[in-house]
Each structure stands twice: as C-alpha cells, then as structure tokens.
Protein chains: 2
Amino acid sequence: MTGPDPQPDDQPAPRRRRLRPDASAGPTLAEVAARAGVSEITVSRVMRGAGNVSAATEARVREAVRETGYVRNRLAGSLAGHRSNQIGVLLPSLGNIVFPDVLNGIEDSLEARGFHPVLGITHYQPEREEHLLASLLAWRPAGLIVTGTRHSAATRAMLGAGGVPVVEVMDVDTPPVDMAVGISHRAAGAAMARHLIGRGYRRFGYVGHDLGADERAAQRRDGFRHALATAGLPEAQECLSGTPSSVGAGRAALAQLLERARPEAVFFSNDDMATGGVFHCLAAGISLPGDLAIAGFNGLEIGQQLPQPLTTIGSRRRDIGRRAADMILARLAGETPDPVADVGFTLIPGATA
Amino acid sequence: MTGPDPQPDDQPAPRRRRLRPDASAGPTLAEVAARAGVSEITVSRVMRGAGNVSAATEARVREAVRETGYVRNRLAGSLAGHRSNQIGVLLPSLGNIVFPDVLNGIEDSLEARGFHPVLGITHYQPEREEHLLASLLAWRPAGLIVTGTRHSAATRAMLGAGGVPVVEVMDVDTPPVDMAVGISHRAAGAAMARHLIGRGYRRFGYVGHDLGADERAAQRRDGFRHALATAGLPEAQECLSGTPSSVGAGRAALAQLLERARPEAVFFSNDDMATGGVFHCLAAGISLPGDLAIAGFNGLEIGQQLPQPLTTIGSRRRDIGRRAADMILARLAGETPDPVADVGFTLIPGATA
DNA sequence: CTGTTAGCGCCTTCAT
DNA sequence: ATGAAGGCGCTAACAG
C-alpha cells in the first residue's frame, strides 16, 4: 500500500518517522485538533459525546472535523477504550423468513443505540458455530447473541469465558449460559396438541423436516407427542422428510403420509411445511378442515393469507430479536435484566383445523 | 471495569505501569511468546499464517496458545496492519426472503475466506443509509456491499472516498460507483411483457407495492410498460398499494383492481404480491389462467409450490450475494474483476399465465 | 527463519 | 473545562 522508497537514506536523521505518509489513511485526531487549536483529547471527547467540553470549543472542533473530513477510527478507539459497538450474532440459517425476522428485531434495537450486528451463519452445524464464534471473539464484541442452547463444549466455554453479555435466543426450555429470550417449544407443541384435541380430533399425524438439525422443531414434536400420550390418545403417525424445511418438502411429505395413514389432523414442524401441506390438499381436492385438519407453527404471513388462514402458533420472532439486543444493551449499561425472558406464544386458531 | 483504587499513591515511583492489571483482559502475544520462548512477532506470524516459521517453532507456539487460551485481538491487528476481515453490508429490508437470500450468498463466500459481514438495514431510507455507512466506515471495513444505485450525495461521496472496494448489488441498470452485480430490472419487466404478449394476452394490469421506496420494482414496471407501448398495446390498468410488499397487500390490491378493470393478465411487482393475487383468485373462484393470468418476479419457492406454479422470473439472489462478496475478495487479492456483473435472469413459464 | 524497533490512532489516568 | 503522558495489543519494516 505504501509507495516504494528505494533511495538509500543518507540523511543524518537515522529514523524517518512516518506520521501518516500515506494520504489514503485519512485525517487523524491530531490533524483535527491542530486545526481546531485544541488537544487531541478534546476532539476525542467531542467525537464520543463524552461531555466536559464547552459549547464554543465543541463548535470549533465540529467545524474542523467537517473541514478535514475526519472519520472516527473505532479500531483505535476500541483498542484503547476497551469498548466496542459491535455485537456478534450467530444464526443457524437464513433459508426462510424466521431468522431474518429475529435479525430484523436485533438490528432494530441495535441501530437505535448505534450498535452493529456482525453476522455468522452456522447452518445448524456446531463445529461451524464454534469456528465462527472464535473468529468473532477476536473482534472483542461488546456482546453476543447466539441461537439455541445446544452448543459444543468449546463453544460453551468461549461463551462463558468471554466476559461479555451473551443471549441465547429462541428457546427458554434449557438454562442459559448467561441470558436467554424465546419461548418454550415443548409447551408450544403441547398447546397445539391440546387445541386440536379440544376441537375434537383424535387421530393425529405429524410431518416434520430434518429434526436432527433443528432442535426446536424436535422439542415442539416432543411436546406434541407428550400431550397426546397424556390425553390417552394413540401416537401420531409421522412422516419426517430429512431435508431442510420448505414448502415443497411439506407438500411431498404430507402426500407420502396420506398414502399409508388416515389422520384426522396433522401437525407440521412449521408454517412452511404446513403451507406445503395446504397446497397438497388444494391440488388433491382434499377439503380443509373437513377431510383433514392442518396446523403449523410460527404464524407467518403467508399462512394467514391462504384461502383459509392456517391454524398455527405465533412465535414473536422480531420481539425475540429486539429483546435479546435490549438485554445486551441493558447489561452494557450496568443493569441486571432478568436472565430468562419468555416472550410467550399465541395460538392462532385459523380455519384449517 | 477496573476496580477502584482510592489510596493516595505515596510511593516514589511516579507512574505505575499497568501491564494488564486486569485479569479479564486475557492473554496477549507477549505472554504466549514468553511461554513458547520466542518473540511476539513469531507468534503473530503463526496466528496470521504469515509463513516463514519453522514447523518446530510453530508447534511450540500453538502449544503455548492452547495453554494460555490466547485469543487473537483483531482490533489491535487491524489497527497496526491496516487490514480488516469485516465487510460492511447495507440492505434495505429483511421483511421478505429476497434480501436474506442475498445476505446468505454474501455470508457463504465471506465465511469461506474468514471474513464477516457487518450488517445495516436502511429501511429504504437514504438518510438511514448515509448514517449507517458513516458508522460502518469508522470500523475501516475491508470492503462494502450496498444495495442499488440510488444514494444520497453524501453516501456517494463516502463510497467513493473510502478507498475500499464497493459493490452495489441487485441492479446493473445504472453505472456503479465502483462495481455492481445484479440484473437489469428494466429488461426483466420488458421480458415478462413480451412473454405474456407471446402467450396471446393483450389487456394488461399491473399490481404493485410502494414504488417510491423500491426503485427496482419501479424499473421493472417501467420496462413492462415500455414493452407494452412498443408493441402498440394499451397501457396496463394499475393498482398500487402504497404499502410495503406482502402477500396480503397483493391479495387486496388485485381484488381492488378487478373491481374497476378486466385485464386478461396481471403483472405483479414481485412474487409475494403475486402469491396474494393467486390466493385472491383461489378464494374468489377465478380460474387461472383461464379467467385471469398472473405473473410475478423473483422465482420464490412459494410460487413454484402453489397448486399451479407461478409464472415468474428467477432473480438469482444468492448468486448475486456470492458474486458481490467474490468481487470484493478478488479486489483485496489484488485482482481487477469486471466492474459490472450481470448475473442474468430466467423466465419461469409456470402455469398461471 | 527469527528478532528489534517503532509506531497504528485513540483513550485512560491524572493533573491543572 | 482542558491538557500531557503513556499504553491498548499488534504488525510493518527492516536487520540478521
């Protein structure tokens, strides 16, 4: 980057100090300070809004900032000041709208306070989470938001040792490393089972996607099954697609399930899958909920705009994201928020069950 | 953070050097170096994979790193080394799957090379973009990915002055500040018009969302209208919802349009809107494409899983994201990629038109 | 292949 | 309300 300088240096001064020889590096506090006729620290105070600067001085500094086109350097600032405005965010997937919704909530809260999310996608792989976390930690983020409570031992260790606030989002069924925001997915699954039982259904089916990866979907299924057992009902007939969740997978899996079973009502692992189920019924001339009842999870917009609104559970993803960011920010402000926040879910009755 | 220390310091030594008095700060290169019996720079070389370190030395260093639990500090590293592994990413919205898809592609490519996206959401507001960009620039990112080519003058200035690679994504209709990846939205709109004309339709409708915010949707509409005019056909009857794009908005807007017009075919601003249109038809008993033809844009999975697959245009969002990241990375590697990459779109015939 | 020296640009602490 | 001094932890630029 720095230009070559092949000439032998035969001047007496042995060491040539290179105070910003490189014009591309941009102005520094020192330059602004000189221009404003104040010291660096005063400019620093103005830039940080640290107070203890007279209005007149501040005006002169701001003017100098404008003239020089000074851009704050947070690398230097964070190194010296031990504080960052970056929050590491680890999400498993951006493949459907669920985690983007969470991220949206996170960004909402962070942006309002001048913080930035630094993102990593784990693809539901613990090793990838571990690797990404290690890499993020090198930036000394002010806080961390990670998904779920299932982590590798090394990940758990890093989260614990970091000394920064950590929020595990989505799930409050397991005690968190530090803090958690979400809902109980077991309870949600059970709630849907009870709702369907209350509607008179007795023979159940379950259609799911790759549950090995998506632990929360697995928990909903567990809750659902447990509630059926508690009610003395037979086990649900299941069809698990083994693929990631998608509308197509749900559509195919329901078709497959119906080849070998005649459930009255089918609980899907989520709304994408359930929407696929609805599409299968639409295409196959199966009437909802007369011939078959369908229920999902998440409360996505698409489900509510179907010809018949989907019976589902609203999962308040954006609230979860916002809340997670707020908890981090509260900690950074010296507060001690409740370590676990259950934002609760809402059963949306819909018309498909 | 540092504990209070109110005692007056009456010792002779005037300045107490605090080399890491705070245990929470974690080990430094110096500690690892001491433990491995080498100099700091050698540890640094190992950590950065800079080469020029013997296998034996490297092994000792790695062992010392393990023993001390050393975590690299990129704040210090980037400050000293003038290089970051962070890429600023500015997206207008995470409200539907479109930009998460792009982000997914970006993250894909970045993660493979050890880079991280630092995210900002502009909500389609130029002032917000400007503000976020200024804030991101303070982190001296290695590159920048921003959406579209419409920016405030200040934003444009910052993008130009940054001295870092910049990619404007989604749209290649306008010359970029530095580089661009995307498709021509005008061409896409025109292509759909020609496709529909080729299918025999002559009376057209257009259903859109808030076009003031979404310039690319506006360009598709322009291309569509222009192609109709070129073919000597009457203007499309339009219904613009003024809200952000959503399935519900599309559903409502189509219903409204059909109250006052009888188009043979309707082009929607995107697949979310078009899906809403399909749902309206499903609910109102309008048969597709006999009574009405519908076309969208984006090629979302949901559209292809509808009882009849949606006629639409695939927009290769993930490719756009990946490509954008690759262009930045190429530049950082000293290469000079073509400044404009048109990834092209695909007309998906579907069955709704 | 390994080490020395001198900052990177800012903020903390302490003084005034 | 303002300033002086030094260090945050690391890497570039040389030497050897």
Side-chain angles (χ1 to χ4, degrees), chain A residues 1-6 8-9 14-22 24-34 36-58 60-61 70-84 138-140, chain B residues 1-2 4-6 8-9 14-22 24-33 36-58 60-61 70-84 138-140:
Chain A
M1 282 224 163
T2 306
D5 188 6
D9 188 353
R15 54 191 62 119
R16 30 188 181 152
R17 306 186 64 220
R18 304 184 303 97
L19 273 183
R20 296 198 48 250
D22 185 352
S24 79
T28 66
L29 275 192
E31 257 133 295
V32 178
V38 298
S39 68
E40 292 186 29
I41 188 63
T42 298
V43 181
S44 173
R45 285 181 179 125
V46 171
M47 294 311 290
R48 285 177 290 142
N52 276 353
V53 176
S54 74
T57 303
E58 171 160 354
R60 296 221 322 285
V61 168
Y70 173 73
V71 177
R72 215 175 147 181
N73 186 334
R74 294 201 90 121
L75 292 171
S78 294
L79 178 61
H82 304 286
R83 60 183 108 262
S84 168
W139 282 102
R140 302 295 187 267
Chain B
M1 284 224 162
T2 307
D5 188 7
D9 189 353
R15 53 190 65 117
R16 29 187 182 152
R17 307 185 65 221
R18 304 184 304 96
L19 273 182
R20 296 200 47 248
D22 185 351
S24 80
T28 66
L29 274 192
E31 256 132 296
V32 178
V38 299
S39 69
E40 293 185 31
I41 189 66
T42 298
V43 181
S44 173
R45 286 182 179 126
V46 171
M47 295 310 291
R48 284 177 290 142
N52 276 354
V53 177
S54 73
T57 304
E58 171 160 356
R60 298 221 320 286
V61 168
Y70 173 73
V71 177
R72 214 175 147 180
N73 186 334
R74 295 200 91 120
L75 292 171
S78 295
L79 178 61
H82 303 287
R83 59 183 107 260
S84 168
W139 281 102
R140 302 294 189 266

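Here is the naming used below: chain letters follow the sequence lines, and residue numbers restart at 1 for every chain.
Whole-Å rounding puts the A/R83 CZ to D/dC8 C1' distance at 13 Å. The distance between atom NE2 of A/H82 and atom P of C/dT12, rounded to the nearest whole Å, is 8 Å. When the C1' atom of C/dG3 is taken as reference, atom CG of B/L29 falls 14 Å away, rounded to whole Å.
Taking a 4.0 Å limit (strictly below) on heavy-atom distances, residues 70-79 of chain A reaches DNA chain D at A/L79. Using a 4.0 Å cutoff on non-hydrogen atoms, the parts of residues 37-50 of chain A near DNA chain C are A/E40, A/I41, A/S44, A/R48, ordered by number.
In this structure, CZ in A/R45 is found 12.0 Å from CG in A/L29, a value given to the nearest 0.5 Å.
By the salt bridge (Lys or Arg N to Asp or Glu O under 4.0 Å) test, A/E58 is found to be paired with A/R62, residues two or more places apart in sequence or in another chain being considered. Listed by chain and number, the residues in a side chain to side chain contact (heavy atoms under 4.5 Å, CB included) with A/A30 are A/T28, A/E40 (sequence neighbours excluded). Annotation: side chain to side chain contact (heavy atoms under 4.5 Å, CB included) contacts of A/A76 (sequence neighbours excluded): A/N73, B/L79. Partners of A/A138 according to the side chain to side chain contact (heavy atoms under 4.5 Å, CB included) rule, which considers only residues two or more places apart in sequence or in another chain, are B/R72, B/R74. Listed by chain and residue number, nothing satisfies the side chain to side chain donor-acceptor pair (under 3.5 Å) test with A/S78 (two or more places apart in sequence, or in another chain). Residues that satisfy the side chain to side chain donor-acceptor pair (under 3.5 Å) test with A/R83, not counting sequence neighbours, are absent from this structure.
Contact between B/S84 and B/R140 at its shortest, heavy atoms only, is CB-O, 3.4 Å.
Side-chain N/O atoms of A/R140 include none lying less than 4.0 angstrom from OP1 or OP2 on D/dG9.
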